[in-house]
Each structure stands twice: as structure tokens, then as C-alpha cells.
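All values below were derived from every heavy atom in this structure, side-chain atoms included, with hydrogens, water molecules and symmetry-related copies excluded.
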Amino acid sequence: MKSGIHPEYQKVIFLDTSSDYKFLSGSTRTSEETMEWEDGNTYPVIRVEISSDTHPFYTGKQKADRAGGRVDRFKKKYNM
């Protein structure tokens with residue numbers, strides 16, 4: 001591998017903003033925001049909107065607080 005052309009790989013905390021679920025993983029992304037993990041070390045925090053804790057594939061249900069789409073607006077408009 002050539003030196004100096006690859007991004008730095010480090011441990012980061014991924015934080016699911018909808019459920020406050022967090023997990024530690026490796027990534028090349030970084031952030032100014034940091035948080036202390038269970039092992040006592042401080043890591044950068046990457047905020048994500050969805051993770052395995054809230055994804056319908058893993059949970060088996062859709063998010064209840066999701067904004068309505070066209071069909072929902074149509075049903076609301078015509079009292080269906």
C-alpha cells in the first residue's frame with residue numbers, strides 16, 4: 001500500500017438519533033463531537049437516522065412517527 005493516501009481508520013461510536021441506541025465500530029469517518037464509551041475511552045460520535053435497532057427489517061414493524069405520504073394525505077383529505 002502507498003503511504004499517505006489512505007484515510008485513517010479508527011473506532012467511532014454510531015448513535016441512532018431516533019432511539020439513542022449506540023454501538024462502537026471502526027470507520028474512516030470522523031466527527032468533532034466525542035463521547036465516552038463503556039471502556040472509559042473517548043471516541044468520535046457519528047449520528048445516524050436509522051440503525052439495526054430501528055430498521056423495519058430487524059424490528060418487524062414500521063416507525064409510527066413517520067410522516068404521511070400521498071396516500072395518507074388523500075385519506076385524510078377525503079375522511080377515509
Side-chain angles (χ1 to χ4, degrees):
M1 286 192 335
K2 273 187 158 179
S3 62
I5 63 169
H6 299 284
E8 182 184 340
Y9 188 78
Q10 62 187 357
K11 289 187 176 184
V12 296
I13 299 172
F14 287 94
L15 175 66
D16 188 336
T17 56
S18 58
S19 69
D20 290 332
Y21 175 72
K22 50 191 166 227
F23 60 94
L24 184 66
S25 183
S27 178
T28 56
R29 292 205 52 200
T30 186
S31 171
E32 297 294 322
E33 183 182 5
T34 60
M35 182 183 295
E36 187 173 328
W37 189 245
E38 298 161 355
D39 62 3
N41 294 325
T42 302
Y43 299 104
V45 176
I46 305 295
R47 294 183 177 270
V48 293
E49 293 180 12
I50 197 159
S51 69
S52 60
D53 191 53
T54 55
H55 194 280
F57 179 80
Y58 296 105
T59 61
K61 59 185 175 183
Q62 293 288 334
K63 285 174 64 175
D65 60 345
R66 189 148 248 190
R70 279 194 223 173
V71 174
D72 292 332
R73 286 188 303 228
F74 177 84
K75 288 180 178 180
K76 184 177 177 183
K77 182 176 179 180
Y78 294 106
N79 295 325
M80 299 179 107

Item checked: Intermediate values then yes/no, side-chain contact (heavy atoms from CB on, under 4.5 Å), Val12 and Tyr43 -> CA-CA 5 Å; Val12 296; Tyr43 299 104; 5.6 Å; no
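Annotation: side chain of Trp37 is in contact with side chain of Ile13 (closest heavy-atom distance under 4.5 Å).
Under the side chain to side chain donor-acceptor pair (under 3.5 Å) criterion, Thr30 pairs with Gln10, sequence neighbours left out. Remark: Phe23 pairs with Phe14, Tyr21, Ser25, Ser51 by the side chain to side chain contact (heavy atoms under 4.5 Å, CB included) rule, at least two apart or across chains. Residues that satisfy the ring pair (Phe, Tyr, Trp, His ring centres under 6.0 Å) test with Tyr9, not counting sequence neighbours, are absent from this structure.
Panel note: side chain Thr17, backbone Val48; a donor-acceptor pair is recorded below 3.5 Å.
Pairs engaging residues 14-43 under the salt bridge (Lys or Arg N to Asp or Glu O under 4.0 Å) rule: Glu33-Arg47 [sequence neighbours left out].
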